[in-house]
Every structure is written in structure tokens, then in C-alpha cells.
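Below is one structure, written out as C-alpha cells; the observations come after it.
The analysis underlying the following values was restricted to heavy atoms, covering all of them including side chains, and did not include hydrogens, waters or symmetry mates. Within every chain, numbering begins at 1; the chains are lettered A, B, ... in the order of the sequence lines, protein sequences first and strands thereafter. All values reported here derive from a predicted model rather than from experimental measurement.
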2 protein chains.
Amino acid sequence: MFFSKTCEYAIRAVIFIAQKSEGGKKVGIREVAAGIDSPEHFIAKILQDLSKRQLIQSSKGPNGGFYIGDASRRHTLADIVSAVDGDKVFKGCGLGLKICSETKPCPLHNQFKEIRKKMQVALQSATIGEFNESLNLGLSYIKER
Amino acid sequence: MFFSKTCEYAIRAVIFIAQKSEGGKKVGIREVAAGIDSPEHFIAKILQDLSKRQLIQSSKGPNGGFYIGDASRRHTLADIVSAVDGDKVFKGCGLGLKICSETKPCPLHNQFKEIRKKMQVALQSATIGEFNESLNLGLSYIKER
DNA sequence: AAAATAAAAGACTAAAAACTCTTTTATTTC
DNA sequence: GAAATAAAAGAGTTTTTAGTCTTTTATTTT
Ligand code: FES
Ligand code: FES
């Protein structure tokens, strides 16, 4: 709705990996897929991409897996979204005009502008690792059952 | 981004028809397509659907076309969005959890809730016909050039 | 009543997004 | 250094969304 399916999975996976790899551990792709309830090979592709972009880290071989280093932990969810879906959720016109502009605004421009701003603030102020505690305590969830 | 392409076209078309049919005139499908810069046959399908749902009116034959009667003019853009895209933009979880709930919220639930609320208020308080003047004055636009 | 007009309906095709499967490469353990 | 492990890479398929084309039906004008 706001994001592509790919992006939804990406956000959930990153939050999951941040939580599970907090103590320096690594998480296998199978565990990630199970942990966020996503297709295994699909999330694998997504994580490959995020890894190439340095938003998460990975290592091959036994005891390998995905993890999030201290540097990457400082990234925000806005960085993930931009990497996967681009900036349309922050800059695009809600009515589908090719460019959103102040000089040729659509009838709902001001409303959309506010909504996009709210989205940006929410995602930019959310660092990748900040949900660990809430998840651990069962106060928030990244999959259903 | 917020809506499907179909829904973006639908909103723009409805606003366009409301403007053009203000004095009781009717608008042909070709004029609509040109007026909002959309594929002619595609918007035709969409308008057929909106017409069946009574959100707009149409009449066949010479001097026929689409128009918006007084009753339909009272509808809001939220009605259009609901008809085309359902209620996911008002109720769906931003991270793709199957249901958004207070008891099992995703880590960004509160933020998304606010954003969705803002969206709902914006669309529910915008009646179909209220943009005519602004469009006529060239203060807002529903197509680029 | 015939011709013209315009939407409705139906059956397509094309492109994009979502998802799957197989092979390769890197790393570690024994 | 062979076997095992785990991600990377590549090449698909499936499903959904977007868009097109053709035929039919309703209405009006002449
Ligand atoms: S022009 Fe539509 S949101 Fe700015
Ligand atoms: S659970 Fe995700 S928005 Fe409510």
C-alpha cells in the first residue's frame, strides 16, 4: 500500500536481523524467512541486494549468515525504503502526476505533502536497531502467529 | 505509491468530470482521457465500473457521455478510493502484516496509524466537486502539460 | 426506420511485480 | 585438501496490474 511487497519484507527482515544479531551472532536465511514469514528464496534475493548496498552484512560458509554491524546499525528505515522502492513515497504525487511541484500542484498536493512528510519523519527517525527491546518483550511483532 | 494506477486515474477522472459537467453538460470518454492524460480504453473500463457503482452517471447515444449528478456530487474522494482499491490505505498494515491490530502491532504501528488517519481525513473531507474553481483558475492541475 | 453516436461488455496482450529453482562461489571444519 | 555449509548469482515461472482491441447495446437524430 505504501511500499512494495519487496520493501515490506526488506524492512521486516532488517529489523529481525538487527534483533537476532544483536550480540554479534549471525542469522541464516532460513531463520530470517521463518522469522518474518516470507518466501525463503525471495527474501534471499532482497538481502543479497541490501548486502551489496552495505545496509546489512553477510558472511558465507559454516557459521555464516546475515548480521548488522555497528556502522550499519545507525542506518534508518528510510535508508532501506529508499534503497528498495526509491523516493516515490517521499516525493511522488499521490494522484500520479509525473512530478509533484508547487507551481503545478494537483488538487490534493498540500494534503499529500503533509502525509509524505510524516512518513519521512517516521522512517528517518527510526534506526534499524531500535525495535529490539520492544520485540523481545512481545510489545511489537513482525509476523502474525 | 498510495494508490493503484487505476485508482489514480479514477480520482483524476472523477474530478475532471465533476468540473466539466458542472452546468449539466456531459463529457465523452475521449475528452476525459485527453483531459487527465490517461489511456482511453483503460479509463473507459474504470468509468464503467464507477458508473455501475453509482459514483458517476453516464448516458449512451448522441450527446451522451459521463456526468455527475447532484446526488453523486456529495460523494467524497474516499468513496472513490474505497470502490477502486478497497480499504487497505485506510486500514492495512504498512509493513504488510495480514491484519493491523492494537494487540499484535508491528513496530511502526502507531506511526502508520497516524498517517492512515491523515489520509482518511483528507479524502473523506474532499467532496468530488470541490476542486472545480481551483482547476478553472489554474491553481491546481490534474495533468502535466 | 436507418444512420450515427457513445458507452458497455468481453476478450485479449504487455509489462511489472512476486516468487521459485538450480548452479556457483566463498568459507570453515575435519 | 575433502566435505560440509551458507550466501551469491543467474535463469527461470507465476501472478497481478496495466493497457489494447473488437463487438455489442442503447439512445438519438434525421
Ligand atoms: S502535485 Fe500531487 S502531490 Fe504534489
Ligand atoms: S500492525 Fe502494522 S500498522 Fe498496525
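- OP1 or OP2 of dA26(C) has not a single side-chain nitrogen or oxygen of Ser59(A) nearer than 4.0 Å.
- For the pair Asn63(B) and dT29(D), the criterion of a side-chain N or O lying under 4.0 Å from OP1 or OP2 is met.
- In this structure, CD1 of Ile46(B) is placed 15 Å from C1' of dA8(C), rounded to the nearest angstrom.
- Between Ser58(B) and dA8(C) there is a side-chain polar atom (N or O) within less than 4.0 angstrom of OP1 or OP2.
- Contacts of Lys52(A) with the nucleic acid, taken as non-hydrogen atoms under 4.0 Å apart, involve only primed sugar atoms and P, OP1 or OP2.
- If you measure from atom NZ of Lys26(B) to atom C1' of dA6(C), you get 11 Å, rounded to the nearest angstrom.
- A side-chain donor from one of Ser134(A) and Ser140(A) sits under 3.5 Å from a side-chain acceptor of the other.
- The closest side-chain donor-acceptor pair between Gln57(B) and Ser72(B) falls under 3.5 angstrom.
- Regarding Glu40(A), its CD atom lies at a distance of 11 Å from the C1' atom of dT20(C), rounded to whole Å.
- Between the NZ atom of Lys45(A) and the P atom of dC19(C) there is a distance of 15 Å, given to the nearest Å.
- When atom types are taken as modelled, the side chain of Lys20(B) and the backbone of Phe66(B) share no donor-acceptor pair closer than 3.5 angstrom.
- Rounded to whole Å, the distance from CD on Gln48(A) to P on dA7(D) is 10 Å.
- At a threshold of 4.0 angstrom between heavy atoms, the contacts of Val27(B) are confined to the sugar-phosphate backbone, with no base atom among them.
- One can place CG of Asp85(B) at 13 Å from C1' of dA18(D), the figure rounded to the nearest angstrom.
- Heavy-atom distances to DNA chain C give each of Phe3(A) and Ser51(B) a nearest nucleotide, and the one nearer the 5′ end belongs to Ser51(B).
- Across dA4(D), dA11(C), dG19(D), the shortest atom-to-atom separation from the side chain of Lys5(B) is found for dG19(D).
- The distance between atom CD1 of Ile29(A) and atom C1' of dA9(D), rounded to the nearest whole Å, is 14 Å.
- Taking the six-membered ring where the residue is Trp, Phe2(B) and Phe2(A) present perpendicular rings, their angle passing 60° and hence far from 30°.
- Set against dT5(C), dA7(D), dT20(D), the side chain of Lys60(A) has dA7(D) as its closest nucleotide.
- A salt bridge is defined here as a Lys NZ or Arg NE, NH1 or NH2 lying under 4.0 Å from an Asp or Glu carboxylate O, and Lys117(A) with Glu114(A) fails to meet this definition.
- Distance CZ (Phe42(B)) to P (dT17(D)): 11 Å, rounded to an integer number of Å.
- The phosphate of dA17(C) (OP1 or OP2) has no side-chain N or O of Ser4(A) nearer than 4.0 angstrom.
- OP1 or OP2 of dG19(D) lies within a sub-4.0 Å distance of a side-chain N or O belonging to Tyr9(B).
- Here dT22(D) is the nucleotide among dA8(C), dA18(C), dT22(D) with the atom lying nearest to any side-chain atom of His41(B).
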